[in-house]
Amino acid sequence: MTPLIRVENIADYTEQEIRIRGWVYNRTRKGKLVFLLVRDGYGFVQCVAFKNDLPAETFEDIVRLTQESSVEITGIVRADSRSPGIPGGFEIGITGLKIYQIAADDYPMALKEHGVDFALDNRHLWLRMPSQWAILRIRATVLTAIREWLDTNGYINMDTPIITPAAAEGTTTLFETPYFDEGAAYLAQTGQLYNEANIFAFSKVYCLGPTFRAEKSKTRRHLTEFWMVEPEVAFCDLDELMEIEEQFVSHIVQRVLRDRQPELASLERDTTLLEKISPPFPRISYDEAVEMLARLREETDDPEEKELLAFEWGSDFGAPHEAALTKQFEKPVFVYGYPTAVKAFYMEPWPGRPEVCKSVDLLAPEGYGEIIGGSERISSPEKLLQRIQEHQLPEAAYQWYLELRRFGSVPHSGFGLGIERTVSWICGIHHIRETIPFPRTINRVYP
RNA sequence: UCCUCGGUAGCUCAAUGGCAGAGCGGGCGGCUGUUAACCGCUAGGUUGUAGGUUCAAAUCCUACCCGAGGAGCCA
């Protein structure tokens, strides 16, 4: 039987007869010569048919194929530098064709640029286009690399609850759902507090799953449902946390570079920038970042840029500030020691400087900005209780969390990495809605 | 919630007060190396909705609906 192959492995079958199963992505008919660009889920490959080389019925079948028709193609693999595809450079000289279905001729996604609204309304079909296919293949590899690094470095996967009793951080808006006789429950915005419980049983843990924010954010960096990996580590301070993060992120990038070159090439990603991603990453304090922003603002001649970079000590950075900062570095940059007032209640105050805390964000280069937020957590029960009271959080709801600090408390730290933002940076694309199969935004839950 | 921009053929867009248009996609025909092929023909319209001004509205005015980008907030 002729072997059924995956297009991603086509180079292994040069000059051999093979079969592929897939869908017609594009056709070019030139009378007695027909080119089909066929995708099989693993790649895109050009298939060629000459009328005189084939039985009349077979050639007629090839001519009447519409875009997205499902087929099995038999043919001989040839190396040919003219051939488009992912990976390109190979084509299949068709010797046989089996048609599963001639697709309806009103396929809405013509091969051209589309507006955002149309593309998102047709997300179920948009996924078939090379750019989206490449991005989501890279996303899958990012997730593989994440689990691989954590699993081989002593982290235990702990699945934290999606349905939770109350706001973990008390700030952002949560999705509410009715919950039997308990009244309301909420969709999780983080698994961190549960992982702080888990480390006292397993030392190093991580959760990886969807999180939900009901904020009305309308930017290229926000989704209402997004995926986050959250490692949490016992006996770990802020400096050790940064070492973990830089190794972790470097592994993810290097793994994508190793396994997803054709996809990166099809996205026209400049991989020389990604190749530089290895430890150590630069570290600057929040204070230094504020000074740097002031200097950049001083140096710019663009009045609009000047306005955007205006900043005062004590605020959190906005998108323009993050973009300006990251453009000063080739690698991701750590910014540590944020003002306590703008960060969550559970972060350890800086020794001798309680107005700042032992928090650290990791900002991706090329203007992409924050992909990780992390911190050393408060380990003292008294200090933690005081912070809960200062934030006017319901003390009763945090009884179990406070108890963790009474029975064997240790310094511990953790962080959350946003999957979509990371994929967006690695792929070099503009908007994170393309980095998840079916994005959920403030005014979109279809399809 | 606020600010800015937009909504015309299946899609991407033109038409700025005077006949509703083009390219792509669809259909028909042609072509032996196409790269979102090309060439000829063809079908395809309640110009987001409602009201108003005008001899005449896609175009000007009012209200509303929908979307995008940004702010705030965050990963």
Side-chain angles (χ1 to χ4, degrees), chain A residues 25-37 44 46-53 59 63-64 66-68 78 80-85 88-89 91 93 103-122 125-126 129-131 169 171-174 189-192 210-230 304 307-308 315-322 342-344 361-364 368-374 415-425 430-433 435-436 441-444:
Chain A
Y25 176 70
N26 195 14
R27 306 155 293 153
T28 304
R29 289 172 290 198
K30 293 180 55 62
K32 292 175 184 166
L33 174 64
V34 176
F35 297 99
L36 301 177
L37 192 56
F44 292 68
Q46 175 164 279
C47 304
V48 189
F50 282 111
K51 186 173 188 178
N52 297 346
D53 294 346
F59 191 79
V63 167
R64 69 191 181 93
T66 52
Q67 185 184 358
E68 297 303 320
R78 294 190 292 255
D80 189 322
S81 60
R82 293 172 297 183
S83 294
E91 65 181 20
D105 63 19
D106 57 346
Y107 186 67
M109 296 219 84
L111 303 181
K112 58 183 301 228
E113 291 296 324
H114 292 287
V116 171
D117 195 35
F118 177 80
L120 287 173
D121 280 343
N122 290 279
L125 305 175
W126 191 23
M129 300 197 81
S131 59
E169 303 177 16
T171 52
T172 52
T173 322
L174 302 181
Q189 61 170 328
T190 173
Q192 180 204 316
T211 53
F212 306 89
R213 304 275 166 94
E215 293 156 357
K216 297 195 169 182
S217 298
K218 288 183 63 178
T219 83
R220 75 188 68 165
R221 305 180 313 282
H222 289 86
L223 298 170
T224 55
E225 176 182 302
F226 66 98
W227 284 60
M228 186 158 67
V229 59
E230 294 179 277
E304 197 177 334
E307 175 69 27
L308 283 172
S315 310
D316 208 345
F317 301 122
H321 308 117
E322 287 190 358
V342 300
K343 289 292 183 182
D361 285 357
L362 183 67
L363 311 183
Y368 279 92
E370 183 177 358
I371 54 172
I372 288 182
F415 65 92
L417 174 137
I419 305 298
E420 289 77 18
R421 288 184 179 181
T422 302
V423 174
S424 184
W425 161 50
H430 180 69
H431 200 302
I432 66 168
R433 66 187 156 214
T435 65
I436 186 167
T441 56
I442 171 172
N443 36 29
R444 186 176 291 280

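If you're wondering where the values come from, they're calculated on a predicted model, not measured in any experiment.
If you take CH2 of A:Trp126 and C1' of B:C11, they are 14 Å apart, rounded to a whole angstrom. Rounded to an integer number of Å, the gap from A:Lys343 NZ to B:C73 C1' is 11 Å. For A:Glu370 and B:C73, the CD to C1' distance is 11 Å, given to the nearest whole Å. Atom P of nucleotide B:C74 and atom CD of A:Glu322 are separated by 12 Å, given to the nearest angstrom. When rounded to the nearest whole Å, the span between NZ of A:Lys30 and P of B:C38 equals 11 Å. Distance NZ (A:Lys32) to P (B:U34): 18 Å, rounded to an integer number of Å. Put simply, CG on A:Asn122 is 14 Å from C1' on B:U12, counting in whole angstrom units. Look at CD on A:Gln46: it is 11 Å from P on B:A36, rounded to the nearest Å.
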Taking only N/O atoms, report every protein-nucleotides 20-26 of chain B pair under 3.5 Å with atom names and distance.
residue: B:G23; atom: N2; partner: A:Lys112; partner atom: NZ; Å: 2.6
residue: B:G26; atom: OP1; partner: A:Arg27; partner atom: NH2; Å: 2.6

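Rounded to the nearest 0.5 Å, atoms OG1 (A:Thr441) and CD (A:Glu225) are 11.0 Å apart.
Heavy-atom minimum distance, A:Arg433 versus A:Leu120: CD-CD1, 3.6 Å. Residues A:Ser217 and A:Ile442 approach most closely at O-CG2, 3.9 Å, considering heavy atoms.
Not counting sequence neighbours, A:Arg29 has no partner by the salt bridge (charged side-chain N to carboxylate O under 4.0 Å, His left out) test. For A:Ala214, the side-chain contact (heavy atoms from CB on, under 4.5 Å) test picks out A:Thr173, A:Phe175, with sequence neighbours left out. For the side-chain hydrogen bond (donor to acceptor under 3.5 Å, both in side chains) test, no residue two or more places apart in sequence or in another chain qualifies with A:Asn26. Here A:Asp117 pairs with A:Arg444 under the salt bridge (charged side-chain N to carboxylate O under 4.0 Å, His left out) rule; sequence neighbours left out. For A:Arg78, the side-chain hydrogen bond (donor to acceptor under 3.5 Å, both in side chains) criterion is met by A:Glu91, not counting sequence neighbours. For A:Glu322, there are no side-chain hydrogen bond (donor to acceptor under 3.5 Å, both in side chains) partners at least two apart in sequence or on another chain. Annotation: side-chain contact (heavy atoms from CB on, under 4.5 Å) contacts of A:Lys51 (sequence neighbours excluded): A:Lys32, A:Phe59. Residues passing the side-chain hydrogen bond (donor to acceptor under 3.5 Å, both in side chains) test with A:Asp105, sequence neighbours excluded: none. Annotation: side-chain contact (heavy atoms from CB on, under 4.5 Å) contacts of A:Leu33 (sequence neighbours excluded): A:Lys30, A:Phe35, A:Val48, A:Phe50.
When the C1' atom is compared between B:U12 and B:G6, the two are found 14 Å apart, to the nearest whole Å. For the C1' atoms, the distance linking B:C28 with B:U47 amounts to 30 Å, nearest Å. One C1' atom belongs to B:C31, the other to B:C41, and the distance between them is 16 Å to the nearest Å. Across B:C64 and B:G26, the matching C1' atoms stand 36 Å from one another, rounded to whole Å. For the P atom pair drawn from B:C38 and B:U49, the interatomic distance equals 33 Å after rounding to whole Å. A gap of 33 Å separates the C1' atoms of B:U62 and B:G10, to the nearest Å. Across the C1' atoms, B:G45 and B:A58 are found 12 Å apart, a figure rounded to whole Å. Annotation: B:C60 and B:A68 have their C1' atoms spaced 25 Å apart (nearest Å).
Both A:Pro108 and A:Phe35 lie near RNA chain B, and the one whose nearest nucleotide falls closer to the 5' end is A:Pro108.
Within 4.0 Å (heavy atoms only), A:Glu230 reaches no atom of the nucleic acid at all. Using a 4.0 Å heavy-atom distance criterion, A:Gly115 is classed as a sugar-phosphate-only contact. Among the protein residues, A:Leu37 comes within range of no part of the nucleic acid, since none of its heavy atoms lies under 4.0 Å from any strand.
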TODO: Take A:Met109 and A:Trp126 through the test side-chain contact (heavy atoms from CB on, under 4.5 Å) and record every step on the way to the result.
DONE: CA-CA 7 Å; A:Met109 296 219 84; A:Trp126 191 23; 3.8 Å; yes
Open item on the list: Walk along nucleotides 63-72 of chain B from 5' to 3' and tag each nucleotide B, S or - by protein heavy-atom contact under 4.0 Å, base first, then sugar-phosphate.
Closed with: ----SBBBBB
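Comparing B:G10, B:C74, B:U32 by their closest approach to the side chain of A:Phe118 singles out B:G10.
Pairing analysis of RNA chain B (Watson-Crick: purine N1 to pyrimidine N3 plus N6-O4 or O6-N4; G-U wobble: N1-O2 and O6-N3; both under 3.5 Å) yields stems of 3 or more pairs at B:1-7 with B:65-71, B:10-13 with B:21-24, B:26-30 with B:38-42, B:48-52 with B:60-64.
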